[in-house]
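Chain A is the first sequence line, chain B the second, and so forth, proteins listed ahead of strands; every chain is numbered from 1. Computed from a prediction, not measured in an experiment: that's the story for all the values here.
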Amino acid sequence: MEPPAVPEEEEEDEEGAVPLSMAPGPVGCQLFGYVGIEAVLDQMKIKTMKTGFEFNIMVVGQSGLGKSTMVNTLFKSKVSRKSSQPGQEERIPKTVQLQSITHVIEEKGVKMKLTVTDTPGFGDQINNENCWDPIIKYINEQYERYLREEILITRKRKIPDTRVHGCVYFVPPTGHWLRPLDLEFMRRLSKIVNVVPVIAKADTLTLEERAEFKQRIQENLKTHAISVYPQEDFDQDPEDRALNDRIRENIPFAVVGADQEHQVNGKRVLGRKTKWGIIEVENPAHCEFPLLRDLLIRSHLQDLKDITHNVHYESYRVRRLNESNQLGLSPLNGLPGKGEASSHL
Amino acid sequence: MLFFWFLQNNDDLRNLSLSGHVGFDSLPDQLVNKSTSQGFCFNILCVGETGIGKSTLMDTLFNTKFESEPATHNEPGVRLKARSYELQESNVRLKLTIVDTVGFGDQINKDDSYKPIVEYIDAQFEAYLQEELKIKRSLFNYHDTRIHACLYFIAPTGHSLKSLDLVTMKKLDSKVNIIPIIAKADTIAKNELHKFKSKIMSELVSNGVQIYQFPTDEETVAEINATMSVHLPFAVVGSTEEVKIGNKMAKARQYPWGVVQVENENHCDFVKLREMLIRVNMEDLREQTHTRHYELYRRCKLEEMGFKDTDPDSKPFSLQETYEAKRNEFLGELQKKEDEMRQMFVMRVKEKEAELKEAEKDLHEKFDHLKRTHQEEKKKVEDKKKELEEELSNFQKKKAAAQLLQSQAQQAGSQQTKKDKDKKK
């Protein structure tokens with residue numbers, strides 16, 4: 001039995017003056033035996049499984065880059081309508097539109113309300129100036145909604161969370177550099193939301209081309225000071241940093257999406273069948289889809305939500321509250337006043 | 001248009017079936033890992049008379065020795081003493097804060113005994129509310145000091161609740177999760193205990209005191225919570241000393257007539273308390289504190305400050321804005337007061353200075369006056385002196401003249417006598 005840890009500072013309580021006194025900081029104590037504190041972890045798990053999770057993801061990119069297919073592959077279900085089905089009338093919309101679809105999916109008792117927001121029309125026009133405005137407006141609107149719920153006097157027990165937790169940006173596989181549109185978009189959006197860039201349709205690049213392209217993209221991002229997810233500033237401890245550094249080395253992930261199954265070596269795998277072979281989506285040697293999936297879902301989903309809540313939402317809130325103090329009545333659409341827009345975007 | 005789309009999709013939430021393993025079943029683990037790395041906070045308030053066994057029970061519950069000296073009975077009023085400890089079990093770090101009521105029940109007049117307790121609980125809510133209302137806030141690493149559970153120690157009289165207990169619990173039941181326990185339960189026999197418990201529970205119900213209800217809405221915990229609730233209030237015995245029972249050491253209290261084992265369910269309800277408080281419902285206690293008690297406090301506080309939700313034309317951030325405006329107003333008032341005080345101070349200084357200057361002037365005048373008077377007097381004296389000298393010299397002259405006359409007269413007289421003498425001859 002180890003002797004009890006004597007607290008280093010015995011704070012003498014003030015006599016009489018104030019009815020309460022607080023020790024300066026927590027003191028370490030040794031437990032002599034099992035108490036059962038770790039049961040709180042299970043309690044927490046049970047509670048969260050009961051309430052369920054919410055996850056909102058947005059996919060941005062030009063039409064035809066495989067966004068809908070990617071989402072379907074990620075969540076292994078028909079989440080978005082595929083817009084490239086033959087026979088369907090497909091008109092490129094004149095302006096960027098946002099379409100959100102919500103599904104409830106369940107796996108091993110864990111319920112998740114998944115919302116996927118698609119952005120048809122992005123980057124498809126001849127003149128693409130300000131095509132990111134509707135997207136930014138949408139994201140800010142979700143923050144605005146949450147903020148309004150939060151400052152009510154009588155609040156809901158659980159505020160519905162529609163904020164975008166992650167934005168997957170599809171970069172066309174040119175193999176050269178990031179285009180001005182890509183840079184502009186990522187620069188503006190990485191300030192208000194977690195941006196995960198991916199190289200779409202990566203089966204058009206060989207492995208060397210892929211590596212070079214990635215390198216150039218990373219340089220581009222660094223030159224323009226665009227911090228994509230996982231952001232370096234939010235690494236919490238050395239372990240986190242090491243893990244995230246490995247991920248950062250591989251950003252942007254070169255992905256291939258597929259939702260058809262084929263037979264390979266007697267197993268059924270998701271893949272794209274071409275005349276020169278079958279590209280297995282979940283084979284790490286073929287493409288980096290597993291890395292993307294693991295990042296988004298298996299390991300960093302909670303982190304994405306936390307950073308959205310603790311960082312992006314908070315900075316939105318600070319901006320908004322400062323602004324409403326200065327300007328008085330604030331515009332309903334959530335966008336800051338004209339003067340502000342240019343200064344912080 | 002955006003809202004329309006979104007709302008429409010929200011209403012018909014479709015359940016999708018997955019055709020393979022996606023992997024988000026690890027989500028609860030991800031969440032738990034995050035919380036583990038941040039650590040948990042748990043704050044217990046122990047309300048009970050001095051010497052009823054609060055510190056010992058805490059030591060027994062958490063299987064450790066929290067350093068503290070026993071309190072005296074001479075406290076002039078109720079005081080709350082809070083101490084924080086960091087406990088670690090496997091990979092869970094718990095920041096435990098134990099708040100003790102020192103001097104509860106010791107005074108002759110106990111009317112105000114509950115007040116410091118209520119004030120303390122409110123102060124913790126207030127601190128959280130302040131942090132939440134700040135513009136730049138950091139809630140995710142805020143050290144939560146709100147009380148999650150209040151263990152109310154009932155004295156083992158065997159009869160009923162004391163009126164102090166009823167009054168205090170009534171004041172606390174809307175602010176904190178109250179778990180009543182019967183302390184030093186080894187002084188009550190089993191049959192008396194049963195009667196005592198039912199008496200207490202019926203008194204609580206008839207007085208409308210809302211104690212903490214163990215949650216029964218989830219299948220995993222419903223059963224155990226339901227069975228345990230029947231035994232409320234838990235009759236506990238605390239002990240940190242170990243006694244050899246059979247071939248094991250166990251926490252117990254040794255009497256000449258036997259040994260009361262703390263962890264023996266036939267002897268007391270300590271194990272039930274530990275199960276309920278720590279192993280089954282710790283998270284629920286924290287959640288209730290945040291979603292029910294804190295929200296109630298927040299609502300009352302904000303309504304008191306004059307905010308309303310329902311006005312449709314109101315500015316969307318009237319809450320924050322008005323709060324900031326009020327704060328600025330208050331600060332402005334403070335500033336004004338400060339300026340006033342400064343002005344008054346300056347004025348006073350000036351006045352005093354003027355007074356002193358006046359006094360100085362007076363003094364100078366007096367001095368001059370005195371000087372003049374002095375000179376006048378001096379002159380008068382000199383004049384008088386001169387007069388006197390003149391008189392004196394006159395007198396001398398007169399005297400000299402008189403003497404001369406006298407001498408002349410004498411001479412003339414003597415001459416006459418001589419003449420007479422001559423005649424005779």
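- The part of R293(A) that comes within reach of chain B is its side chain, from C-beta onward, which places non-hydrogen atoms under 4.5 angstrom from that chain.
- The greatest number of non-hydrogen atom pairs below 4.5 Å with chain A, out of L27(B), I278(B), T291(B), is found for L27(B).
- Going from atom CG of L41(A) over to atom CE of M282(B) covers 10.5 Å, rounded to the nearest 0.5 Å.
- The CG atom of D25(B) sits 8.0 Å away from atom CZ of R298(A), with the distance rounded to the nearest 0.5 Å.
- Atom CD of E149(A) has more than 12 neighbouring heavy atoms from other residues, nucleotides or ligands inside a 6.0 Å radius.
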Next item on the list: Go through the steps to decide whether D303(A) and Q30(B) satisfy the test side-chain contact (heavy atoms from CB on, under 4.5 Å), and finish with yes or no.
Entry: CA-CA 8 Å; D303(A) 191 49; Q30(B) 289 181 35; over 6 Å; no
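- The candidate with the highest count of non-hydrogen atom pairs below 4.5 Å against chain A, out of R292(B), E295(B), K136(B), is E295(B).
- Looking at F75(A), both its backbone and its side chain come within 4.5 Å of chain B, counting heavy atoms on both sides.
- In plain terms, the two heavy atoms of G23(B) and I297(A) that are nearest each other are C-CG2, 3.8 Å.
- Side-chain atoms of E89(B) come within 3.5 Å of backbone N or O of G36(A) as a donor-acceptor pair.
- For the pair F24(B) and L114(A), the minimum side-chain heavy-atom distance is 4.5 Å or more.
- Rounding to the nearest 0.5 angstrom, the gap separating the CZ atom in R286(B) from the NZ atom in K47(A) is 10.5 Å.
- Applying the ring pair (Phe, Tyr, Trp, His ring centres under 6.0 Å) test to F40(B) and every residue at least two apart in sequence or in another chain returns nothing.
- Between chain B and the residues M49(A), K111(A), E106(A), the most heavy-atom pairs under 4.5 angstrom are made by E106(A).
- Ion pairing of E283(B) with K50(A) is absent here, as no side-chain N (NZ or NE/NH1/NH2) approaches a carboxylate O to less than 4.0 Å.
- When heavy atoms are compared at a cutoff of 4.5 Å, L139(B) does not approach chain A at all.
- Side-chain contact between R157(A) and E287(B) is present, with heavy atoms from C-beta onward closer than 4.5 Å.
- Comparing L31(B), N63(B), V92(B) by how many heavy-atom pairs each has under 4.5 Å with chain A, the most go to N63(B).
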Next on the checklist: If you apply the rule side-chain contact (heavy atoms from CB on, under 4.5 Å), what do you find for D29(B) with K45(A), and how did you get there?
Outcome noted: CA-CA 7 Å; D29(B) 290 315; K45(A) 259 193 227 179; 2.8 Å; yes
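- The CD1 atom of I151(A) sits 11.0 Å away from atom CD of E132(B), with the distance rounded to the nearest 0.5 Å.
- Proximity to chain B (any heavy atom under 4.5 Å) is shown, for S315(A), by neither the backbone nor the side chain.
- Contact annotation for E38(A): both backbone and side-chain heavy atoms come within less than 4.5 Å of a heavy atom of chain B.
- The greatest number of non-hydrogen atom pairs below 4.5 Å with chain B, out of M44(A), Q43(A), Q302(A), is found for Q43(A).
- Of the atoms belonging to R299(B), heavy atoms from both backbone and side chain fall under 4.5 Å from chain A.
- For H300(A), the part lying near chain B is the backbone, with the side chain staying farther off; criterion is any non-hydrogen pair under 4.5 Å.
- For chain B, the option among T48(A), V40(A), D42(A) with the highest count of heavy-atom pairs below 4.5 Å is V40(A).
- Taking chain A as the reference chain and counting heavy-atom pairs below 4.5 Å, the highest number among N91(B), I117(B), V280(B) is found for V280(B).
- Under the rule for a salt bridge (charged side-chain N to carboxylate O under 4.0 Å, His left out), the partners of E275(B) that lie at least two apart in sequence or sit in another chain are R279(B).
- Residues I153(A) and E303(B) form a side-chain contact, since some pair of their non-hydrogen atoms from C-beta on lies under 4.5 Å apart.
- Applying the 6.0 Å contact sphere to CD of Q260(A) captures no more than 12 heavy atoms from other residues, nucleotides or ligands.
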